Colleague: 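One structure coming up, written as C-alpha cells, with questions to follow.
Owing to the predicted nature of the structure, the values given are computational and were not obtained by experimental measurement. All ligand and atom numbering here is 1-based and tracks the order in the structure.
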Amino acid sequence: GLPDFSQAVVIGTGYGAAVTALRLGEAGIPTVMLEMGQLWDTPSADGSVFSPMLSPDKRSMWLKDRSEMPLASFLWFDINRNIERYTGVLDRVRYGDMSVYLGRGVGGGSLVNGAMAVTPRRSYFEEILPDVDAGEMYGTYFPRANAELGVNEIDRDWFEDCDAYQYARLSRKHAEKAGYRTTFVPSVYDFDYMRREEAGEVPRSALDSEVIFGNNHGKRSLDKTYLAAALGTGNVTIKTLQEVRDIRRAADGTYRLTVRELDETGGTVARREMGARHLFLGAGSIGSTELLVRARDTGTLPGLGEEIGRGWGPNGNVMLGRANHMWNLTGSLQSGMPALGIDAWDDPAHPVFAEIAPMPAGIELWASLYLAITKNPARGHFTYDAASDSAKLQWTAEQGQASIDAAKVHFDRINGVNNTVYRHDLFGDTRAFENRFTYHPLGGVVLGEATDLYGRVKGYDNLYVTDGALIPGSTGVNPFVTITALAERNVDRVLAADIRR
Ligand code: FAD
C-alpha cells in the first residue's frame with residue numbers, strides 16, 4: 001500500500017467541504033481535508049491576522065503582484081497597489097469576459113465574503129432544482145444550515161439610528177420612493193459584536209471597513225463553526241497549502257490523488273500521492289469543475305461524461321453605483337457588512353434582488369453602491385486547455401447583457417424618481433454597470449445532470465461533489481446558505497446509503 005491512505009478525503013474547506021467533513025467525522029469516519037490555501041489564525045507583526053482593507057498588503061491576494069479590488073477606481077483614480085506575491089486570502093481568476101473572485105484558505109469563501117446568509121425563496125429553489133424535495137429542504141436542511149452557520153439578524157432599532165447604516169437607510173428611502181420593497185438580510189457577522197464596535201468596547205472590524213481581505217473580528221467564518229466542530233470530533237484533520245492536481249482510480253477501485261505542496265510564494269515544495277476510498281470534491285464551482293474536466297480530458301477518469309463542465313453561471317451578478325445629491329449623505333462610517341436588500345424578485349419580466357452594498361472608504365463619497373442578483377438563463381461551460389493544464393470558462397459579454405438590462409430597468413426607475421444618475425467612475429472605465437466579475441460562481445457539475453440527485457458523480461462510485469458546482473448557475477440570492485443546506489442533505493443520504501452500510 002500507499003503510505004498515505006484515508007477512508008475519506010475531502011478536497012477544499014469551503015461550505016460544501018466543511019459540512020461533509022463534520023458529518024463524516026461525527027459518524028466516526030477518519031477524514032483528511034486538503035486545502036490549497038493557508039490557515040488564517042496567526043497575527044502578523046502588525047498584530048492582525050488579515051490585511052487592512054484600505055491599505056492592502058501581501059496577505060490580501062492569492063499570488064498577485066498587485067491588489068485587485070472589485071471597485072477599480074474612484075473618480076478614475078486607480079486605488080489598487082503593488083503587493084508582494086504571497087498565498088493571500090482573496091483570488092481573482094480571470095477568463096476572457098468573466099473573472100471570478102474566490103476565497104483561499106481554511107474556510108474558503110467564508111473568509112472573504114459579505115456574510116449575507118439568505119435562504120432562497122422556496123418557489124425559486126423549486127424552479128432551479130425541481131427534483132430535490134423542497135419540503136425536506138425547507139423543513140430540515142435550511143434550518144439546520146442556518147443554525148450551524150450561526151445566522152443572526154440585525155436589531156431593527158439599532159439599524160434605524162446607527163451611523164454605520166446611514167448608507168443603507170438612504171438607499172432604502174430612494175428605493176421606497178420609487179415603489180420598491182426592501183428586506184433585511186440575515187448575516188453570519190455577529191451583530192452584537194458590531195454594536196460593541198460602535199460603542200468602542202471591542203476592536204473594530206466591520207466598522208473598520210474590513211470585508212473582502214478577511215475580517216479580523218466579528219465574523220462567524222467556517223473555521224469558527226463547521227470546521228471547528230469537525231476538528232472537535234477527533235476524526236478530521238486539515239492539511240494546508242496542499243493543492244490537489246490529479247485524480248485517478250486504482251485497480252482496487254480506490255482513488256489516487258496527486259497533491260502539490262506549496263510554499264508561501266506559490267512554489268512547489270513537494271508532490272505526493274494520496275489514496276482514498278471515498279473522495280469528496282469541495283473545491284468550489286471553479287475548483288471542483290476544473291479537477292473533473294482535467295481528469296476526463298487527460299484520461300485519468302475516462303468514464304466522466306459530457307455533462308462535466310456544463311451549466312455554469314455567475315448568479316446574474318451586476319454591480320452599479322448611483323450618484324447622490326450633495327445633501328444626501330451616506331456617511332463616512334459604513335459597515336462592511338450589508339444588512340438590507342431591494343427585493344424586486346417578483347417582477348415578472350426582470351426579477352432582481354439588489355443588496356445595498358457599502359463603500360467603506362472612510363470618507364463621504366456621495367455614492368450608493370449595489371450588487372444586483374438577476375435571473376439570467378445564459379450558461380457558460382468549461383473546456384480543458386492542455387497547454388496550461390487548466391479548465392477555461394467559456395462565457396461572453398453578450399451572455400451577461402440580459403443581467404444589465406434587468407438591473408437597468410429598476411435603477412432607471414429609482415434614479416428617475418429621485419432625480420439622480422449613475423456613477424461612471426467606479427469600474428476602471430466609464431461604464432455604469434459592471435458584470436465582468438462575479439462573487440457567486442455556480443455550477444459546472446450540476447446536480448441531477450453530471451451527478452445523481454445526491455452529488456454522486458455519474459460513471460464512478462464513491463466519488464462525490466459537495467459544493468457550489470452542483471447548483472445550476474443561479475440561486476436568486478447570495479448562495480452560501482443554499483450550498484450549505486444542499487451539502488447537509490446530500491451527506492445525510494451518502495452516509496446512510498454508501499458509507500455506514
Ligand atoms: P469555496 O467556499 O469556494 O471553497 C473552496 C475551497 O477549496 C477554497 O478554500 C479553495 O482554496 C479550495 N480549493 C480549490 N481548489 C483546490 C484544489 N485543487 N486543492 C485543494 N484545495 C482547493 N455568498 C453569500 O451567500 N453571501 C455573501 O455575502 C457573499 N459575499 C461574497 C463576497 C466575496 C468577495 C466573495 C468572493 C464571495 C461571496 N459569496 C457570498 C459567495 C460565497 O462565498 C461562495 O458561494 C461560497 O464560498 C462557495 O462555497 P463552496 O463550498 O462552493 O466553495
Colleague: So do R81 and D57 actually touch side chain to side chain, heavy atoms under 4.5 Å?
Modeller: no
Colleague: How would you list, by chain and number, every residue that makes a side-chain hydrogen bond (donor to acceptor under 3.5 Å, both in side chains) with R172, sequence neighbours excluded?
Modeller: E160
Colleague: Identify all N/O pairs between ligand 1 and the protein with a separation under 3.5 Å and present them as a table of atom names and distances.
Modeller:
| unit_1 | atom_1 | unit_2 | atom_2 | d |
| --- | --- | --- | --- | --- |
| ligand 1 | 2 (O) | G109 | N | 2.9 |
| ligand 1 | 9 (O) | E35 | OE1 | 2.7 |
| ligand 1 | 9 (O) | E35 | OE2 | 3.2 |
| ligand 1 | 9 (O) | G105 | O | 3.3 |
| ligand 1 | 11 (O) | E35 | OE2 | 2.7 |
| ligand 1 | 11 (O) | R104 | NH1 | 3.4 |
| ligand 1 | 18 (N) | V244 | O | 3.0 |
| ligand 1 | 19 (N) | V244 | N | 3.0 |
| ligand 1 | 21 (N) | M36 | N | 3.2 |
| ligand 1 | 25 (O) | M116 | O | 3.2 |
| ligand 1 | 25 (O) | P479 | N | 3.1 |
| ligand 1 | 25 (O) | F480 | N | 2.8 |
| ligand 1 | 26 (N) | M116 | O | 2.8 |
| ligand 1 | 28 (O) | G114 | N | 3.3 |
| ligand 1 | 28 (O) | A115 | N | 3.2 |
| ligand 1 | 28 (O) | M116 | N | 2.9 |
| ligand 1 | 30 (N) | G114 | N | 3.0 |
| ligand 1 | 43 (O) | N113 | ND2 | 3.1 |
| ligand 1 | 51 (O) | Y15 | N | 3.0 |
| ligand 1 | 51 (O) | G16 | N | 3.0 |
| ligand 1 | 52 (O) | G468 | N | 2.9 |

Colleague: Does R294 make a cation-pi contact with Y384 (under 6.0 Å, within 45 degrees of the axis)?
Modeller: no
Colleague: In the structure I gave you, are the side-chain heavy atoms of T233 and L24 within less than 4.5 Å of one another anywhere?
Modeller: no
Colleague: Using the six-membered ring of Y141, assess whether NZ or CZ of R489 lies under 6.0 Å from its centre and within 45 degrees of the ring axis.
Modeller: no
Colleague: Does a donor on one side chain and an acceptor on the other come within less than 3.5 Å for D246 and T300?
Modeller: no
